[in-house]
Every structure is written in C-alpha cells, then in structure tokens.
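All remarks here apply to the structure that follows.
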Amino acid sequence: MFALVDCNNFYASCEEVFNPSLSQFPLIILSNNDGCIIARSKKAKELGIPMGGPAYMYKDRVERGEIRMLSSNFTLYADMSQRVMQTLESYAPRMEIYSIDEAFFELEELSEEELRNEACRMREKVKKWTGIPVSIGIGPTKTIAKMANELAKKRSELGGVSILISKTAIRAQLEVTEPEEIWGIGHALAERLKANRIYTAAQLIDCDDSFIKKLLGVVGYRTVLELRAVPCFSCSQPIEKRKSIICSRSFKKPITNSSDLENVIATFVSRAAEKLRSQQSRAKFISIVIAPSPFIQPYEGRSCHIDLPNPTAYTPELIRLAKEGLKRIYRPQFAYKKAGVLLGDFCDGSVEQMDWITPPTDTPKKRNLMRTIDRINRRYDKTAVQFAAEGLDNHLRSSQTQVSPRFTTSWKDLLTVS
DNA sequence: TCTGGGGTCCTAGGACCC
DNA sequence: TCTGGGGTCCTAGGACCC
C-alpha cells in the first residue's frame with residue numbers, strides 16, 4: 001500500500017504560518033524577478049488565477065487590495081519543507097521525498113479503518129509541529145495514491161484523507177478522472193488520447209495493451225498498469241545523487257555585451273559546482289546555454305557542450321571552460337534574456353581515473369581550496385567568498401520587491417513574540 | 001514595459017562495430 | 001526484382017514531474 005502526503009498550497013502556506021493575516025486574502029507567490037505566478041493560496045485558486053500567469057496582469061488587483069502578492073522566499077520554503085519531512089520521517093521507515101512538498105510512503109497492509117486513523121494522526125502532527133496543512137491519499141499503487149490525494153484536496157468533507165483501496169472505489173474514481181488529471185499524463189499525451197476518443201481514465205485502462213504501448217510508449221503503459229492496481233513504481237532509496245545540475249536565470253534587463261554575460265555564466269558555474277561538490281561528485285561535461293527572449297520571434301537560443309579532459313569539481317577550471325564555450329556561441333547583435341549552465345555525467349568524487357597524457361585537474365591542494373571556500377560560504381553567507389570572474393555587480397542581483405523575512409534561518413529575521 | 005527554475009526518463013536516428 | 005543479423009554509443013528532442 002502507498003500513501004502520498006502533499007502539502008496544501010505549500011509556498012502560500014509557508015508564508016501564512018508566519019503572517020496569518022495573509023490567509024484572509026487570495027495570495028500569490030511570484031517567480032524570480034517577480035515575473036510570473038508560481039504558487040497560489042486556496043482563495044487565489046478559487047478566483048481562477050492561473051499557474052504560470054504573468055504577474056503584471058494582476059498588479060491592478062493587488063493595488064486595489066483584492067489580492068496579496070509576495071516574491072518567492074526559497075530559503076524559507078526549503079527550511080519548512082525539511083521540518084515537514086522530518087516530522088513525517090518518524091512515521092514510516094520507507095519514505096521517499098518526491099518534491100519540496102510531497103512524500104510517498106510504503107505502508108503495511110492494514111485495514112481501511114487503521115489506515116485512516118494513522119493518516120489522521122500524521123496530518124495533525126504535521127500541522128501542530130510545523131503549521132503546514134497536508135492532504136493524504138492512500139492506494140495500492142503510487143499513481144492511485146496520487147489520485148486519492150487529489151480527491152482529498154478537492155473534497156473538504158473528507159477531512160484531508162482519502163483512501164482508494166476497494167476495486168469499486170477505484171473504478172468509480174477512474175470513471176470521473178480525465179486523462180490530463182492522471183499523474184504521468186501531460187498535455188501532449190492527453191491530446192493524443194482525446195484524438196482516439198478516450199476521455200476518462202476508466203476508458204483508458206479498458207484499452208488493449210498493445211494499443212496503449214503504441215499510443216503512449218512504455219512510460220504511459222506503466223502508468224496504465226498502475227491505474228489497474230499493478231504496482232510498477234516503488235519508493236526509491238533516499239539520498240540518491242543528482243545526475244545533472246542546472247543553474248539558470250532569466251534577467252530583468254536583457255544583457256547586450258559579452259563581459260556581462262561572462263560574469264553571470266561564471267556565477268552559474270560557481271553555484272552549480274558548489275552543489276556538485278556537496279554531493280561528492282565531479283562532472284565530465286559542462287553545457288552553456290544563452291537565449292534571447294522567447295517572446296520575440298524567431299527563437300534563437302544557442303548552446304554548447306564541452307567534454308572535460310578530466311572530470312572535475314574545481315570551479316576555476318569549470319569557469320575557464322565555460323568562458324571558452326561562451327565565446328563559441330555568443331553573437332554580439334543579440335540581447336540575451338536568459339542564460340544557464342548544466343553540469344552532467346558525474347563520477348564519484350573518491351574515484352580517480354587518471355589520464356596518462358593530461359595532468360589531473362583536481363589536485364589535493366585545489367580540493368582543499370574548494371572545501372574551504374564552501375565552508376566559509378556555508379557559515380557566513382553564500383557570497384562571502386566569490387570568484388573575480390563573477391564581477392562585482394552582475395545582472396543577477398535580485399529584483400524581488402516583496403520578499404518575506406527568512407523567519408527560520410536568519411537570526412535577525414527571528415519573530416518576536418509579545 | 002513586464003512571462004520561472006530544476007529535474008528525470010525515453011525514443012528515434014545516425015554512426016559505428018563485428 | 002532480389003542485397004544479413006546483431007549489437008553499442010551518442011545526441012537531440014520530446015514527454016513528463018514539481
């Protein structure tokens with residue numbers, strides 16, 4: 001049996017924990033540069049404010065006081081997520097943290113009554129310890145647990161817990177579930193299904209196996225099996241390392257000269273390399289991406305892929321290669337609106353595959369240097385030690401206007417209770 | 001004027017090997 | 001008219017998730 005615990009309107013709920021007055025209004029949370037909407041409170045969803053909508057379209061209603069609007073505060077959300085996950089960990093040993101606000105559990109085969117009691121206890125404990133409301137869905141596969149969770153959120157009379165175990169209960173829910181509501185079926189596949197006159201999940205699972213494989217591929221087929229209560233996905237083991245690391249941003253103002261672009265690329269490399277070292281990996285390739293605004297046609301994004309002679313996590317070497325790559329793809333006549341760096345093909349930091357021609361990149365001395373910089377930056381501030389290549393004042397300086405305090409991770413932002 | 005960031009997995013096609 | 005069979009590796013692109 002699987003359970004999915006999902007935080008309700010997570011980012012909005014994090015803000016409301018520390019500023020309860022916000023909950024009286026529809027609340028929206030904005031992306032980097034306050035560009036578009038990435039999260040909404042329940043009230044905002046009820047108003048029909050769409051996910052991903054551009055923020056400027058709602059400025060009027062914010063000014064009129066109808067809607068509250070905040071910049072995103074990922075430091076706060078990440079810390080609150082950790083608190084929720086820690087609280088949940090005490091319940092079941094087989095837990096998979098699936099995203100910042102969701103976790104799957106593998107449960108023992110208990111009666112429906114026992115499962116319900118257990119789930120209610122979990123909900124209450126998370127709410128009491130962290131202030132975050134969660135919904136819990138339980139089913140024989142992850143995909144059905146996900147479906148149950150949606151149900152728990154939609155139907156308030158269920159008290160935040162929904163269990164789909166019996167064949168009849170599952171079937172009934174499949175009958176009223178549209179293809180795009182299924183976990184694993186996105187926009188494109190849903191269109192494909194509709195073109196084949198499949199309008200509900202029930203119709204989908206009744207289809208012939210070979211037809212499904214042809215239409216949706218093996219990935220979609222697995223989803224269908226899961227809907228038929230045949231488990232295909234289990235809870236993955238914790239602390240799996242990332243297979244790629246991306247650092248990218250859109251800029252408030254487009255970048256029109258190469259030295260500014262070099263600076264931001266160096267910053268991306270530095271941040272990505274820090275993440276790389278924190279999971280004890282080294283990268284075998286680095287990719288650079290630069291792109292003008294996607295809203296100006298034709299779209300002319302360019303990228304370049306550089307294989308490393310020796311796998312490394314040494315920031316200066318990665319910056320040097322990134323700059324070389326940038327020179328290859330940079331064209332002066334463009335105004336760049338977005339750029340990014342991707343590190344990939346990792347190997348374990350403790351394994352040394354020597355090259356008999358090229359001298360090793362990562363000497364013990366260089367590793368010590370990186371470790372020391374990481375420690376300083378962790379202890380004092382992310383930007384305490386930076387690389388000169390990043391420049392002193394680059395385009396990444398935040399243009400967030402409405403960011404809440406870091407209530408749980410910064411001493412000076414600690415709330416005072418009177 | 002203003003439109004996010006970070007991931008995973010699979011597939012098709014090309015190039016190569018014997 | 002008709003031209004084998006069995007592989008690997010890589011890349012770009014597409015699909016999905018939050």
Side-chain angles (χ1 to χ4, degrees), chain A residues 4-7 9-11 28-40 49-60 62 69 71-74 77-78 81 96-104 142-143 146 149-150 179-193 213-223 226 232-233 236 240-254 268 271-272 275-276 279 284-285 287 289 291-296 299 301-307 335 337-346 396 398-401:
Chain A
L4 174 64
V5 180
D6 193 318
C7 300
N9 321 309
F10 183 56
Y11 297 168
I28 56 180
I29 314 289
L30 306 181
S31 66
N32 184 41
N33 294 330
D34 294 341
C36 66
I37 297 163
I38 58 165
R40 304 150 295 157
I49 296 173
M51 178 73 168
Y56 67 86
M57 286 172 60
Y58 299 89
K59 290 253 157 77
D60 288 354
V62 172
M69 189 174 86
S71 306
S72 45
N73 182 349
F74 280 101
Y77 310 150
S81 171
E96 175 195 4
I97 298 175
Y98 179 69
S99 74
I100 193 164
D101 72 332
E102 284 169 275
F104 281 105
K142 280 178 149 182
T143 307
K146 189 90 186 174
N149 191 287
E150 294 300 315
E180 58 262 53
E181 295 176 293
I182 302 167
W183 185 50
I185 306 288
H187 175 72
L189 296 183
E191 288 299 308
R192 214 177 285 175
L193 287 170
K213 278 186 209 164
K214 213 163 114 189
L215 200 65
L216 305 181
V218 296
V219 187
Y221 180 61
R222 273 182 218 142
T223 292
E226 284 248 317
C232 298
F233 311 123
S236 62
E240 271 181 17
K241 292 183 178 180
R242 304 235 167 280
K243 295 176 181 174
S244 64
I245 292 170
I246 293 173
C247 189
S248 71
R249 287 290 178 281
S250 300
F251 315 121
K252 189 90 183 170
K253 281 186 182 164
F268 295 151
R271 290 181 188 169
K275 287 186 205 168
L276 184 66
Q279 65 164 41
K284 291 187 206 157
F285 80 78
S287 285
V289 187
S293 170
F295 301 99
I296 298 168
Y299 182 68
R302 300 185 90 185
S303 67
C304 99
H305 172 115
I306 303 164
D307 287 309
K337 192 76 169 105
K338 183 174 177 169
V341 163
L342 167 74
L343 301 178
D345 198 3
F346 300 152
L396 295 175
S398 176
S399 51
Q400 295 189 314
T401 56

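Note on naming: letters A, B, ... go to the chains in the order of the sequence lines (proteins, then strands), and numbering restarts at 1 for each one.
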Tell me, please, which residues at least two apart from Glu96(A) pass salt bridge (Lys or Arg N to Asp or Glu O under 4.0 Å).
Lys142(A)
Pick out the pairs of N or O atoms, protein on one side and nucleotides 1-6 of chain B on the other, that lie under 3.5 Å.
{"from": "dT3(B)", "atom 1": "OP1", "to": "Lys337(A)", "atom 2": "NZ", "distance (Å)": "3.1"}
{"from": "dG4(B)", "atom 1": "O4'", "to": "Ser31(A)", "atom 2": "OG", "distance (Å)": "3.0"}
{"from": "dG5(B)", "atom 1": "OP1", "to": "Asn32(A)", "atom 2": "ND2", "distance (Å)": "2.9"}
{"from": "dG5(B)", "atom 1": "OP1", "to": "Ser250(A)", "atom 2": "N", "distance (Å)": "2.8"}
{"from": "dG5(B)", "atom 1": "OP2", "to": "Ser250(A)", "atom 2": "N", "distance (Å)": "3.1"}
{"from": "dG5(B)", "atom 1": "OP2", "to": "Ser250(A)", "atom 2": "OG", "distance (Å)": "2.8"}
{"from": "dG5(B)", "atom 1": "O3'", "to": "Arg249(A)", "atom 2": "NH1", "distance (Å)": "3.2"}
{"from": "dG6(B)", "atom 1": "OP1", "to": "Arg249(A)", "atom 2": "NH1", "distance (Å)": "3.1"}
{"from": "dG6(B)", "atom 1": "OP2", "to": "Ser248(A)", "atom 2": "N", "distance (Å)": "2.6"}
{"from": "dG6(B)", "atom 1": "OP2", "to": "Ser248(A)", "atom 2": "O", "distance (Å)": "3.0"}
{"from": "dG6(B)", "atom 1": "OP2", "to": "Ser248(A)", "atom 2": "OG", "distance (Å)": "2.9"}

Sequence-distant partners of Asp6(A), salt bridge (Lys or Arg N to Asp or Glu O under 4.0 Å), two or more places apart:
Lys153(A)
Apply ring-ring contact (aromatic ring centres under 6.0 Å, His included) to His187(A) and list each qualifying residue two or more places apart in sequence or on a separate chain.
none
Output field dot_bracket for DNA chain C (Watson-Crick or G-U, both distances under 3.5 Å, | for other-strand pairs) contains ....||||||||||||||
With sequence neighbours excluded, tell me which residues meet ring-ring contact (aromatic ring centres under 6.0 Å, His included) with Tyr58(A).
none
Partners of Phe233(A) by ring-ring contact (aromatic ring centres under 6.0 Å, His included), sequence neighbours excluded?
none
So, using side-chain contact (heavy atoms from CB on, under 4.5 Å) as the criterion, who are the partners of Ala55(A) when residues are at least two apart?
Leu30(A)
Test of understanding: with salt bridge (Lys or Arg N to Asp or Glu O under 4.0 Å), list the residues that count as partners of Glu191(A), not counting sequence neighbours.
none
How would you list, by chain and number, every residue that makes a ring-ring contact (aromatic ring centres under 6.0 Å, His included) with Phe251(A), sequence neighbours excluded?
none
Look for any protein N or O under 3.5 Å of an N or O in nucleotides 11-16 of chain C and output each such pair with its distance, or none.
{"from": "dC16(C)", "atom 1": "OP1", "to": "Gly186(A)", "atom 2": "N", "distance (Å)": "2.8"}
{"from": "dC16(C)", "atom 1": "OP1", "to": "Gly186(A)", "atom 2": "O", "distance (Å)": "3.1"}
{"from": "dC16(C)", "atom 1": "OP1", "to": "His187(A)", "atom 2": "N", "distance (Å)": "3.4"}
{"from": "dC16(C)", "atom 1": "OP1", "to": "Ala188(A)", "atom 2": "N", "distance (Å)": "3.3"}
{"from": "dC16(C)", "atom 1": "OP1", "to": "Leu189(A)", "atom 2": "N", "distance (Å)": "2.9"}
{"from": "dC16(C)", "atom 1": "OP2", "to": "Ala188(A)", "atom 2": "N", "distance (Å)": "3.3"}
{"from": "dC16(C)", "atom 1": "O5'", "to": "Gly186(A)", "atom 2": "N", "distance (Å)": "3.4"}

Residue set satisfying side-chain contact (heavy atoms from CB on, under 4.5 Å) with Ile246(A), at least two apart, ordered chain then number -> Ser248(A), Leu342(A)
